[in-house]
Amino acid sequence: MGQVFDCIVVGGGLVGSAVAYGVCSAGGTVALLDEGDVAYRASRGNFGQLWVQGKGRGKPPYAELTKAAAMAWAGFAARLEAESGIDVYYRGTGGFWFGFAPKDVEDRAAMMEDIGAASGIPYRMVEPAELRKILPRIGDAVVGASFCPLDGDVNPLYALRALHAAIGRGGGRIVNGAPALAVEPAAEGFVARTATQSISGRRVVLAAGLGNPALGRPLGLDIPVSPLRGQILVTERVEPFLPVCTNKLRQTPEGTVMFGSTEEEAGFDDGTTHAAMVKLARRGIETFPMLAQARLVRHWAALRIMTPDGLPIYQESRSHPGAFVVTCHSGVTLIPVHARVVGPWVLGRQDIPALLDHPVFSASRFDGKRGPR
Amino acid sequence: MSGTGFFKAVPALKREGGSVSIRIDDRACTVRAGLSVAAALLEQGAVRFRRTPVSGAPRAPLCMMGVCFECLLEIDGVANSQSCLIEVRDGMRIRTQDGAARLASMTEGTAP
């Protein structure tokens, strides 16, 4: 042993893996600690959207961060496939948000206008008549829509596999089944302790999702995140009918249709409920009535990692420079930014990048006002 | 019995239980009552139950116990039916399934 890595990344989900891949790509040595199958695994339960529209109203840096990620995705996916051998099924189809009440569509239009004006997010509102030309099977309950050409989707499971493969090929060390019990300052930087080993690094990134608060405290990082449960349904494979991503439904390239997703305060309970199944199925059938004939094959829940205001945190510790926290609930959409922008930053190749250098992303925005829970 | 050899009926269970008439892709045939649809098709010598929606690769049953979803067939008009879990019935109409299920009145949209 005795190796000192340039960077330790704690958390082997999509956020930590993207950052670790970015560290590798920037020429750093990295150890990625993955808790194992006991983890809550938001990365393995999510919907797979790349979603831009509607994010960052009144918070232009967040809209711009998301836009930068979306615009980087096509090139990033090609590069990741070349380096990992795994196709993540990136599709930059654009996406629809559907409205079911005229008032909701009005509010949506106002919000999209605000975000468009502040951050240059392209969009257009789509009237029902045009929507029916584009999606002939859409239900009468849908009374309006917004379309954003930056939205799309990927297969998030392949994305995680591809990142891990690319890290491995890039010389990174992935330590599986290794919950980090503590991260402590050390002479040469930091030491991450698991049940069986100590891993040393000059720098450390906490990307452990809901595990971050406990790990961050001793390093002077106050990370107020809490779980927000989302339940998802998926159908059998059916013939293609939905060529674009939508806010609540997406048809995968394999033909399954995913119905998402609830937002529930359920603590750390990642179980499913009948009530949510009914609600999701009903809304899906209102959107595309012929889905009533499709059979469900699975139903699961995962826990989103939410800050009180829903925005990410990108923060270096003031008391322990070299220790960083990265957390967000859009771990799929933001992958290219986490790899290409956060990676070089945490490696010390550059000061905090302009894309991240905003008070709305700092942990200190929550000082003195801890979130709910 | 005919068949591909991967699965064999247990001789002790080959009891006389009568027979039923079914149609497999418009071909009438008589099979032993009490079998699952998948077992009946295997006894009839079927080697390809379906083609996959993604690559079009041919598929046949693997687990015969409801887990692998390789034995999907259209049974009495219902696509993606797990044929290893459904018992043959007199008059049943079975179709091998090429690609994904088609929901009634489905029409493909065009990209905006």
Side-chain angles (χ1 to χ4, degrees), chain A residues 87 89 91-97 122-127 130-139 142 145-149 151-152 155 158 234-246 249 251-257 284-285 287-298, chain B residues 24-25 36-38 41 46 48-89 92-112:
Chain A
D87 181 357
Y89 289 89
R91 298 186 298 186
T93 54
F96 279 111
W97 168 92
Y123 79 99
R124 63 192 180 89
M125 300 304 294
V126 180
E127 296 293 326
E130 185 189 356
L131 192 58
R132 277 166 184 74
K133 282 188 190 136
I134 298 167
L135 299 169
R137 305 316 304 170
I138 200 156
V142 178
S146 58
F147 178 78
C148 174
D151 298 329
N155 180 319
Y158 283 135
V234 65
T235 70
E236 62 185 331
R237 292 173 176 185
V238 300
E239 284 194 344
F241 72 97
L242 187 55
V244 294
C245 196
T246 79
L249 293 169
Q251 187 174 27
T252 67
E254 294 85 359
T256 60
V257 183
I285 291 166
T287 311
F288 289 101
M290 88 288 185
L291 285 176
Q293 303 156 47
R295 279 171 300 172
L296 298 175
V297 294
R298 280 195 294 144
Chain B
I24 304 172
D25 288 335
S36 69
V37 174
L41 260 68
R48 178 176 74 77
F49 278 48
R50 66 187 185 102
R51 290 191 182 280
T52 64
V54 179
S55 67
R59 285 291 196 273
L62 177 68
C63 76
M64 295 294 279
M65 60 181 201
V67 174
C68 74
F69 286 73
E70 295 292 13
C71 67
L72 301 181
L73 292 168
E74 184 185 307
I75 299 178
D76 288 336
V78 181
N80 286 345
S81 294
Q82 287 178 274
S83 63
C84 70
L85 299 182
I86 298 170
E87 192 174 325
V88 288
R89 283 189 312 272
M92 195 174 244
R93 306 180 80 89
I94 294 155
R95 305 197 73 86
T96 53
Q97 184 177 316
D98 285 344
R102 174 185 293 268
L103 303 180
S105 71
M106 264 177 56
T107 308
E108 194 168 347
T110 50

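Below, chains carry the letters A, B, ... as their sequence lines are ordered, and counting in each starts from 1.
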Colleague: Taking atom CZ of A:R237 and atom CD of B:Q97, what is their separation to the nearest 0.5 Å?
Modeller: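 Answer rounded to 0.5 Å: 11.0 Å.
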
Colleague: Counting only heavy atoms not in A:E127 (residues, nucleotides, ligands), do more than 12 fall under 6.0 Å from its CD?
Modeller: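 No, the 6.0 Å shell around CD holds no more than 12 heavy atoms from other groups.
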
Colleague: Chain A contacts: which residues in residues 52-62 of chain B have a non-hydrogen atom closer than 4.5 Å to it?
Modeller: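 Residues in range: B:P53, B:V54.
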
Colleague: By number, which residues in residues 63-81 of chain B have some heavy atom less than 4.5 Å away from chain A?
Modeller: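 Near chain A, by residue number: B:V78, B:A79, B:N80, B:S81.
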
Colleague: Would one find more than 12 heavy atoms of other residues, nucleotides or ligands at under 6.0 Å from atom OH of A:Y158?
Modeller: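 Not buried by this count: 12 neighbours or fewer within 6.0 Å.
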
Colleague: Would you say that more than 12 heavy atoms from the other residues, nucleotides or ligands in this model lie under 6.0 Å from the CZ of B:R48, or not?
Modeller: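 Yes, because the 6.0 Å sphere around CZ of B:R48 holds more than 12 heavy atoms from other groups.
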
Colleague: Tell me whether the count of non-hydrogen atoms from other residues, nucleotides or ligands lying under 6.0 Å of CZ in A:R295 goes above 12.
Modeller: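 Yes, enclosed.
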
